[in-house]
Amino acid sequence: MRKDTKFIHAGRDKKYTGKAVSPPVYHASTILHDSVAELNDATKNIPNNSMFYGRRGTITHFAFRDAMVELEGGYGALVYPSGLAAINAALMTFLNTGDHLLMVDTVYGPTRTLCDTVLSRMGIETTYYNPNVGAHISETIKDNTKVIFTESPGSVTMEIQDIPAISKVAHEHNIMVMIDNTYGNLVNFEPYAHGVDLSVQAATKYIVGHSDAMLGTITCTEKYWKKLFHQSYAMGYTAGPDDIDRAMRGIRTLKTRIKQHEESALKIARWLKKHELVDLVLHPAFADCPGHEIWKRDFNGSNGLFSFTLKEGHNEAMTAMMDSFKLFKMGYSWGGFESLAMSFYDLKKERDLNLWDNYGPLVRLHVGLEDADDLITDLEQGLTHYKNAL
Ligand SMILES: *Cc1c(COP(=O)(O)O)cnc(C)c1O
């Protein structure tokens with residue numbers, strides 16, 4: 001089966017769907033067992049897909065988890081109440097007090113906060129490494145390094161990491177490699193073809209795709225599956241069936257949506273690149289984006305997310321532009337059908353390493369499914385407001 005077909009059929013086993021096209025949304029805490037034998041059987045089957053108690057998951061969860069493994073790979077999949085909860089579960093499961101974590105410096109901001117507060121309080125030390133490090137990651141490894149956490153492209157600044165090179169070095173040192181694969185969704189990057197051991201996603205973004213649910217997922221290889229499963233259950237992680245249903249529905253159109261997001265974002269990025277006020281367009285499909293060659297080698301295309309910087313400016317000009325946008329709405333998150341713009345004026349605060357000189361005015365766009373020319377018109381009038389406020 002080709003991947004496009006899998007998106008339509010994943011998780012739709014008859015044992016879940018019955019006569020319907022999609023699995024039912026099963027609301028349950030208590031699961032009733034008809035006999036002691038059946039109860040014992042359900043207990044024995046953990047972590048297999050039999051209903052035992054709501055927190056263990058219902059048919060809705062099992063179908064979605066199967067779909068995640070079919071589409072992302074790995075051996076098993078679990079759901080979490082948010083992407084950040086999934087990141088927390090992954091790190092908490094595989095790190096102990098006294099361990100060392102290598103975290104990419106361009107990581108999603110709240111993941112950094114998690115490391116610098118909760119993990120640090122528990123005696124887990126974090127070192128932030130350069131996203132462009134590749135095989136030189138070996139120079140930052142310590143005797144007690146247990147996990148290398150990657151995120152590619154980097155948050156906001158879009159650097160592409162050499163995941164195969166990092167994984168090779170990590171495995172030579174018996175270190176586990178995790179990725180925040182939210183950008184990669186289930187279309188753009190295949191973590192298990194590039195040496196990753198565990199992949200986290202904020203399904204909140206492209207998988208749900210409609211900005212109306214919070215959901216995290218983890219898939220991992222067989223080596224790590226049992227530990228992840230039992231520890232996640234011990235920590236009480238689950239997610240509601242309605243949110244999972246939204247993710248399952250999102251999967252059916254994911255490939256089609258990503259294609260359109262990609263096409264429109266590229267059109268807009270090329271237009272921005274020619275604009276007199278624009279300095280850099282940070283899009284991995286462009287040759288000047290750090291790691292562009294690796295992106296060409298490892299990724300199946302791009303999507304609607306990228307950033308650009310402006311040549312000169314100040315907060316007032318940025319505010320004038322942001323307030324003038326009509327189609328690009330202001331708000332955190334991305335991956336929905338709608339276009340979003342966020343401005344970042346002081347990215348330096350969120351980084352340990354001084355990787356580049358240009359920390360000037362930066363805008364991150366999520367290009368939605370509106371007509372790309374309408375979005376260009378909106379950007380054009382926004383940039384005029386910017387210029388007039390300079
Ligand atoms: C949004 C996001 C998260 C967190 O997901 P939530 O569901 O909002 O908790 C993690 N990583 C990346 C890259 C994200 O964009």
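Values below: all heavy atoms of this structure, side chains included; hydrogens, waters and symmetry mates excluded. Keep in mind the model is a prediction, meaning the values are calculated, not measured. Remember, it's 1-based here, ligands and their atoms both numbered in the order they're listed.
- Applying the 4.0 Å criterion to heavy atoms of W334 picks out, from ligand 1, the atoms 15 (O).
- Among all protein heavy atoms, the one lying closest to atom 6 (P) of ligand 1 is G83 N, 3.3 Å.
- The backbone N or O of K326 lies less than 3.5 Å from a partner atom in the side chain of K329, making a donor-acceptor pair.
- Scanning the protein for heavy atoms near atom 7 (O) of ligand 1, the closest one is T204 OG1, 2.6 Å.
- Closest to atom 8 (O) of ligand 1, if we only count protein heavy atoms, is M214 CE, 3.4 Å.
- One N or O on the side chain of T140 and one on the backbone of I137 form a donor-acceptor pair closer than 3.5 Å.
- Applying the 4.0 Å criterion to heavy atoms of K205 picks out, from ligand 1, the atoms 1 (C), 2 (C), 3 (C), 14 (C), 15 (O).
- Residue A202 approaches ligand 1 through these ligand atoms, each under 4.0 Å from one of its heavy atoms: 2 (C), 3 (C), 4 (C), 5 (O), 7 (O).
- Look at Y332 and you'll find every heavy atom at least 4.0 Å from all atoms of ligand 1.
- Between H283 and F308, the ring center distance fails the sub-6.0 Å criterion.
- Residue pairs meeting the side chain to side chain donor-acceptor pair (under 3.5 Å) criterion with at least one partner in residues 82-95, sequence neighbours excluded, are N88-Y237.
- Shown in contact with I87 at under 4.0 Å from a heavy atom are these atoms of ligand 1, numbered in order with element: 10 (C).
- V200 does not count as a contact of ligand 1, since none of its heavy atoms falls under 4.0 Å from the ligand.
- For the ligand labelled ligand 1, residue E151 lies inside the 4.0 Å heavy-atom shell.
- Contacts between D180 and ligand 1 below 4.0 angstrom, taking non-hydrogen atoms only, involve the side chain exclusively.
- In terms of protein heavy atoms, atom 3 (C) of ligand 1 is closest to Y108 CE2, 3.2 Å.
- Neither the backbone nor the side chain of Y183 has any atom closer than 4.0 Å to an atom of ligand 1 (non-hydrogen atoms only).
- Aromatic ring centroids of Y183 and F189 lie 6.0 Å or more apart.
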- Item | Verdict with supporting geometry, D288 and K273, salt bridge (charged side-chain N to carboxylate O under 4.0 Å, His left out) | CA-CA 11 Å; D288 55 358; K273 218 172 163 73; 3.0 Å; yes

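- Inter-residue side-chain proximity for K6 and L71 is flagged as met; some heavy-atom pair is nearer than 4.5 Å.
- Those atoms of ligand 1 that come under 4.0 Å of a heavy atom in L84, given as number and element, are 4 (C), 5 (O), 6 (P), 9 (O).
- Using a 4.0 Å cut-off to heavy atoms of S82, the atoms of ligand 1 that qualify are 7 (O), 9 (O).
- If you check the side chains of E72 and S199, you find a donor sitting under 3.5 Å from an acceptor.
- Using a 4.0 Å cut-off between charged side-chain N and carboxylate O, K15 and D13 make a salt bridge.
- Taking the six-membered ring wherever Trp is involved, the centroid distance between the rings of H210 and F337 falls below 6.0 Å.
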